[in-house]
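Report on the following structure.
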Amino acid sequence: DVLKSASRIFNLQRIISLGDGHGHNTDNLLAKIRIPAKAGFKAGKVPLPFEPHLEEYYAMRVWDKDGVPTKQCLEELGLNEYAYITQQKT
């Protein structure tokens, strides 16, 4: 199924990022995105802060509160062999 394959790929990318030291502490927008545009339909606008919604996003992904895929997530996607990486992050 395509959605399951996409979720596997997305979670593998997350696991690699976690292994490289990224995670909740680096889940943020680039600084230049937070600078208001000078012209056009986005003039003077910046995205709303998304940090308050990270925990909800993590829950939708079946990750823990720190953005680490849970055991349940890994099992559902057949990614158990990578559990050792996620266990180091919890």
Side-chain angles (χ1 to χ4, degrees):
D1 151 59
V2 174
L3 292 177
K4 186 171 183 177
S5 293
S7 189
R8 282 177 52 88
I9 291 167
F10 193 87
N11 278 277
L12 281 170
Q13 289 174 327
R14 182 64 174 192
I15 291 167
I16 291 167
S17 293
L18 290 168
D20 289 341
H22 300 283
H24 181 74
N25 59 329
T26 58
D27 285 340
N28 53 38
L29 295 175
L30 298 172
K32 71 179 189 176
I33 292 175
R34 292 176 272 171
I35 298 171
K38 295 180 181 174
F41 71 96
K42 290 187 176 183
K45 298 178 183 175
V46 295
L48 294 173
F50 71 93
E51 290 84 1
H53 305 286
L54 271 179
E55 226 175 283
E56 181 181 353
Y57 172 73
Y58 292 162
M60 290 171 52
R61 286 270 176 206
V62 193
W63 296 350
D64 68 14
K65 65 179 178 55
D66 295 317
V68 177
T70 63
K71 182 178 180 181
Q72 175 190 350
C73 174
L74 298 176
E75 287 175 355
E76 288 175 3
L77 298 173
L79 299 174
N80 296 338
E81 64 193 277
Y82 301 102
Y84 72 95
I85 296 172
T86 62
Q87 290 169 354
Q88 294 171 358
K89 302 299 173 187
T90 56

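Start at 1 with the first residue, then count along the sequence.
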In terms of hydrophobic clusters joined by side-chain contacts under 4.5 Å, are Leu48 and Ile35 together?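 No, Leu48 and Ile35 fall in different hydrophobic clusters.
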Would you say Ile33 ends up clustered with Phe50 if hydrophobic residues are merged whenever their side chains have heavy atoms under 4.5 Å apart, either directly or through other cluster members?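 Both belong to a single hydrophobic cluster.
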Please give me the minimum heavy-atom distance between [X] and [Y], naming the atom from each residue.
X: Arg14; Y: Gly67; answer: NE-O, 2.9 Å
X: Tyr58; Y: Asp66; answer: CE1-C, 3.8 Å
X: His24; Y: Lys65; answer: ND1-O, 4.1 Å
X: Asn25; Y: His22; answer: OD1-C, 4.2 Å

Would you tabulate the side-chain donor-acceptor contacts of residues 71-80 under 3.5 Å, counting partners in other chains and residues two or more places apart, or write 'none'?
unit_1 : atom_1 : unit_2 : atom_2 : d
Gln72  : NE2    : Glu76  : OE2    : 2.9
Asn80  : OD1    : Glu75  : N      : 3.3

Supply the atom-to-atom distance [X] [atom1] to [Y] [atom2], rounded to the nearest 0.5 angstrom.
X: Phe10; Y: Leu3; atom1: CZ; atom2: CG; result: 13.5 Å
X: Leu18; Y: Gln13; atom1: CG; atom2: CD; result: 12.0 Å
X: Leu54; Y: Arg61; atom1: CG; atom2: CZ; result: 12.5 Å

Taking the side chain as every heavy atom from C-beta outward, state whether Asp27 and Tyr57 have any pair of such atoms under 4.5 Å apart.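 When only atoms from C-beta onward are counted, Tyr57 and Asp27 do not touch, as no gap falls below 4.5 Å.
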Would you indicate whether the side-chain heavy atoms of Trp63 and Asn11 approach each other to under 4.5 Å? yes
Within the side chain of Thr86, is there an N or O that forms a donor-acceptor pair under 3.5 Å with the backbone of Val68? no
